[in-house]
Amino acid sequence: MLTIFSPETFKTIPWKNGLGHTTELAISDGGTLDNFDWRLSIASVVNSGDFSNFSGYQRNLVLIEGNGLTLDHRNGDVDKLTQLLDVAHFDGGCNTH
């Protein structure tokens, strides 16, 4: 069975690093920001800065609008998202900027 939620039910929460906000679209049953099996959220990245630490999780970031984004994981890996629907896959514990 599929349940459809209206946007009014989504939670807007601050990023763990305090530099922005995310709208949580869905999270695994019983999940919290610090402990979940899976999570789907959407956020606007409007300023350069470090990403929140999500050690223990694999992150998948998809460009859905805007002029693009370059992610420097500070380990020699760089992801450049320049086209809509470009995807970056990275360790949530990376020191990503």
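The basis for the numbers below is simple: all heavy atoms, side chains too, and nothing from hydrogens, waters or symmetry mates. In this text, all values refer to a predicted model and were calculated from it rather than measured experimentally.
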Rounded to the nearest 0.5 Å, how far does [atom2] of [Y] lie from [atom1] of [X]?
X	Y	atom1	atom2	result
Cys94	Asp72	SG	CG	10.0 Å
Asp37	Tyr57	CG	OH	7.5 Å
Asn75	Thr96	CG	OG1	7.5 Å
Leu85	Gln83	CG	CD	10.0 Å
Asp50	Leu19	CG	CG	7.5 Å
Thr9	Leu25	OG1	CG	9.5 Å

Over all heavy atoms of both residues, which pair between [X] and [Y] is shortest? Give the atoms and the distance, please.
X	Y	result
Leu63	Thr82	CD2-C, 4.1 Å
Lys16	Ser52	N-OG, 3.3 Å
Leu71	Ala88	CD1-CB, 3.8 Å
Glu24	Ser41	CA-CB, 4.0 Å
Ser55	Gly93	OG-CA, 3.5 Å

Using the rule that two of Ile, Leu, Val, Met, Phe, Trp, Tyr join whenever any of their side-chain heavy atoms come within less than 4.5 Å, decide whether [X] and [Y] are in one cluster.
X	Y	value
Phe36	Leu40	no
Leu33	Phe51	no
Phe10	Ile42	yes
Trp38	Val87	no

With no hydrogens and no angle check, is any side-chain donor or acceptor of Thr12 less than 3.5 Å from a backbone partner on Thr23?
-> no
Do we see a donor-acceptor contact under 3.5 Å between the side chains of Asp34 and Thr32?
->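 Absent: no donor and acceptor within the cut-off.
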So do the side chains of [X] and [Y] get within less than 4.5 Å of each other, counting heavy atoms only?
X	Y	answer
His97	Ser48	yes
Asp77	Phe90	no
Arg39	Phe54	yes

Evaluate the side-chain contact (heavy atoms from CB on, under 4.5 Å) criterion for residues Leu61 and Leu69: first the C-alpha distance (whole Å), next the side-chain angles of each, then the deciding distance (0.1 Å), finally the verdict.
-> CA-CA 10 Å; Leu61 191 144; Leu69 189 64; 3.9 Å; yes
Apply side-chain contact (heavy atoms from CB on, under 4.5 Å) to Thr70 and Val78, showing your working.
-> CA-CA 7 Å; Thr70 298; Val78 174; 3.7 Å; yes
Has Lys80 got more than 12 heavy atoms of other residues, nucleotides or ligands less than 6.0 Å from its NZ?
-> no
